[in-house]
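What follows is a set of notes on a single structure, which appears directly below.
These values consider heavy atoms only, across backbone and side chains, with no hydrogens, waters or symmetry-generated copies. Numbered from 1 within each chain, the chains take letters A, B, ... in sequence-line order.
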2 protein chains.
Amino acid sequence: MNLPLHERIRQDFETRILSGALGPGARLPTEQALMAHYDCARMTVNKALSALATAGLVDRRKKAGTFVARPRVHAMAMDIPDIGAQVAERGQSYRFDLGLRRELDGGQARPEWRVDRTVPLLELEGVHFADGTPFAWEHRFVNVAAVPEMLLADFTGSSPGTWLLEHVPWTEADAHITATGASAAQARALTVALGAPCLCVERKTWRGSEAITYVRQLFLAGAYELTAHFGPGARRDG
Amino acid sequence: MNLPLHERIRQDFETRILSGALGPGARLPTEQALMAHYDCARMTVNKALSALATAGLVDRRKKAGTFVARPRVHAMAMDIPDIGAQVAERGQSYRFDLGLRRELDGGQARPEWRVDRTVPLLELEGVHFADGTPFAWEHRFVNVAAVPEMLLADFTGSSPGTWLLEHVPWTEADAHITATGASAAQARALTVALGAPCLCVERKTWRGSEAITYVRQLFLAGAYELTAHFGPGARRDG
DNA sequence: TTCATTTTAATGTATAGACAAAATGCTGAA
DNA sequence: TTCAGCATTTTGTCTATACATTAAAATGAA
């Protein structure tokens, strides 16, 4: 296969960096040196090195040169599966029990989620079941100005998350993942002991600049796990 | 602020795409049209549109044109920060206490991590402290055939994770995130009660096809959180 | 019609040159 | 010595042009 020259140059250095031949802090040749080495124009070299800089593999500083970046915050791709679909995939039956449904407005929202006072909200609280056993609890606020159809939706059986995913694809989201002990109310809903360890996922989603929903989900330890992967290929077993 | 022209063009369209003004499938003007509109050379326009393509916001097809891409997979980018750096960032002092250090081989590795019997391994177990208080426990196996310098490294103070990150950038990784209660040994190391809720991160990393390390980390609930983000811009506050 | 072929409009790659911007490192003055 | 200012190196941006590549669209033959 005949790769473009700028791509070949880029890969040459990517390989050397990832293999460790060029360690963090190592200086790459100047563009002048590279255009002599590859016998090409400066723009071609520049394109290759700029791509590496965009990818975060190198840092470029005027006058100083191009240096292999120190690997710091590696971002991994985390799967955010639909709870119901995931349970069904394991061959278990899925159910969602709605415990609380209330209409309110932005002024009464949780401090974690700041929305305008005038925004109409829907508050939902419920429990997810797998084969009749509760395994997750969730508390959610939805901006019904953004999703008016939600007021008519029925959540006996399928979860609000599934409904939202199908009706309002989000464009932006923030998630915080922590561990926590179940509170009294949560422990009762999940029929576990007070303080039982749970995985807590807190998520805010937007469509464009419009806040869509804020949700706090508690998963019983052992009943759920998040997976993340970084790298070129698919998941491995190892 | 005087942004470069190619960056201004890029942002113009990024804004229009993210706001929904240009929906998925919408066609952007041709490079010819844009160089007329912005009164610049084609390379400048090309740089802007190529950047959008690299970012996944648009698809470009020869002869057909440039089109707004359909929203991508439901995977979020999870930050995997360096523990020590993160503690230091909060203005706290950081320390790592090594509790166990043992050299063994692949045959004695944990079942979760399958490596060849002949591979020499280093087993490490220790506790992370912030301002003198333990907040995380970790148990790690390292393939020292891949990182022989690790046998000489000193982990009194800085953690093996930090050392590895600086010396062996990985190219591939798998992570599993769960909640769990602290075991007797873990509870003792972290000076908490048996069964105290913890966030458990289990990670395997490779460089190329070579397994580098397997680590299981337990973070005390409340002392640590993972964040993930999906979407174009930076993190929001909302 | 239907299929194969040619045309053509769009992006992809590359060149050579010019000037801008920035940070390092040198030089000279206090 | 130390600090300020200057020169130089290196990357950043942009232009104008050329040819390559690809796939849509038009064309023509069966």
Side-chain angles (χ1 to χ4, degrees), chain A residues 1-17 21-72 232, chain B residues 1-17 21-70 72 232 234:
Chain A
M1 55 173 103
N2 254 337
L3 287 175
L5 181 53
H6 69 84
E7 178 62 16
R8 214 191 95 205
I9 299 174
R10 194 193 65 75
Q11 286 186 11
D12 276 2
F13 283 96
E14 185 188 66
T15 307
R16 261 174 263 185
I17 292 168
L22 283 170
R27 183 176 171 173
L28 274 66
T30 66
E31 298 190 345
Q32 289 295 334
L34 287 174
M35 60 190 280
H37 181 276
Y38 287 97
D39 188 29
C40 66
R42 207 191 121 212
M43 280 295 293
T44 305
V45 171
N46 185 282
K47 189 165 189 170
L49 297 188
S50 296
L52 290 173
T54 302
L57 279 171
V58 301
D59 289 329
R60 311 197 74 195
R61 292 201 316 280
K62 287 169 186 171
K63 166 76 184 180
T66 304
F67 303 86
V68 177
R70 304 197 172 272
R72 24 163 175 246
Chain B
M1 54 172 111
N2 254 339
L3 287 175
L5 180 53
H6 68 84
E7 179 62 16
R8 214 190 96 206
I9 300 174
R10 194 194 66 75
Q11 286 186 9
D12 277 2
F13 284 96
E14 185 187 68
T15 307
R16 260 173 263 186
I17 291 168
L22 283 170
R27 184 176 170 172
L28 275 66
T30 66
E31 297 188 344
Q32 289 296 333
L34 288 174
M35 59 190 281
H37 181 275
Y38 287 98
D39 189 29
C40 65
R42 208 191 118 209
M43 281 296 293
T44 306
V45 170
N46 185 284
K47 188 165 190 171
L49 297 188
S50 296
L52 290 173
T54 303
L57 279 171
V58 302
D59 289 327
R60 311 197 75 194
R61 291 202 317 279
K62 286 169 186 167
K63 165 74 184 183
T66 305
F67 303 86
V68 178
R70 312 209 166 264
R72 294 159 290 174

Given atom [atom1] of [X] and atom [atom2] of [N], what is their separation to the nearest angstrom?
X       : N      : atom1 : atom2 : result
B/Asp39 : D/dC14 : CG    : C1'   : 12 Å
B/Phe67 : C/dT11 : CZ    : P     : 9 Å
A/Leu49 : D/dT10 : CG    : P     : 14 Å
B/Leu34 : D/dC14 : CG    : P     : 15 Å
B/Asp59 : C/dG12 : CG    : C1'   : 16 Å
A/Asn46 : D/dT11 : CG    : P     : 9 Å
A/Gln32 : D/dT9  : CD    : P     : 11 Å
B/Lys63 : D/dA23 : NZ    : P     : 13 Å

With the side chain counted from C-beta on, respond yes when [X] and [Y] share a heavy-atom pair under 4.5 Å apart, and no when they do not.
X       : Y       : answer
B/Arg27 : B/Thr66 : no
A/Leu22 : A/Phe13 : yes
B/Leu52 : B/Arg10 : yes

- Task: Tell me which of A/Ala64 and A/Met43 sits closer to the 5' end of DNA chain D, going by the nucleotide each one is nearest to.
- Result: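 The 5'-side residue here is A/Ala64.
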
- Message: At 4.0 Å (heavy atoms only), tell me whether B/Arg27 reaches a base, stays on the sugar-phosphate, or touches nothing.
- Response: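 Touches sugar-phosphate only.
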
side-chain N/O [X] vs [N] OP1/OP2, d < 4.0 Å:
X       : N      : answer
A/Arg42 : C/dA16 : no
A/Arg60 : D/dG12 : yes
B/Lys47 : D/dT13 : yes
B/Thr66 : C/dA10 : no

- Sole residue of B/Leu28, B/Asp59, B/Leu57 in side chain to side chain contact (heavy atoms under 4.5 Å, CB included) with B/Val68: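 Only match with B/Val68 under side chain to side chain contact (heavy atoms under 4.5 Å, CB included): B/Leu28.
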
- Does A/Leu5 or A/Arg61 map to a spot on DNA chain C nearer the 5' end, using the closest nucleotide for each?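 The answer here is A/Leu5.
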
- Message: Using a strict threshold of under 4.0 Å (side-chain N to carboxylate O), is an ion pair present between A/Arg60 and A/Glu31?
- Response: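 Result for this pair is yes, salt bridge flagged.
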
- Residue A/Lys62, side-chain heavy atoms: nucleotide from C/dA16, D/dT13, D/dT10 that is nearest: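 Of C/dA16, D/dT13, D/dT10, D/dT10 is nearest to the side chain of A/Lys62.
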
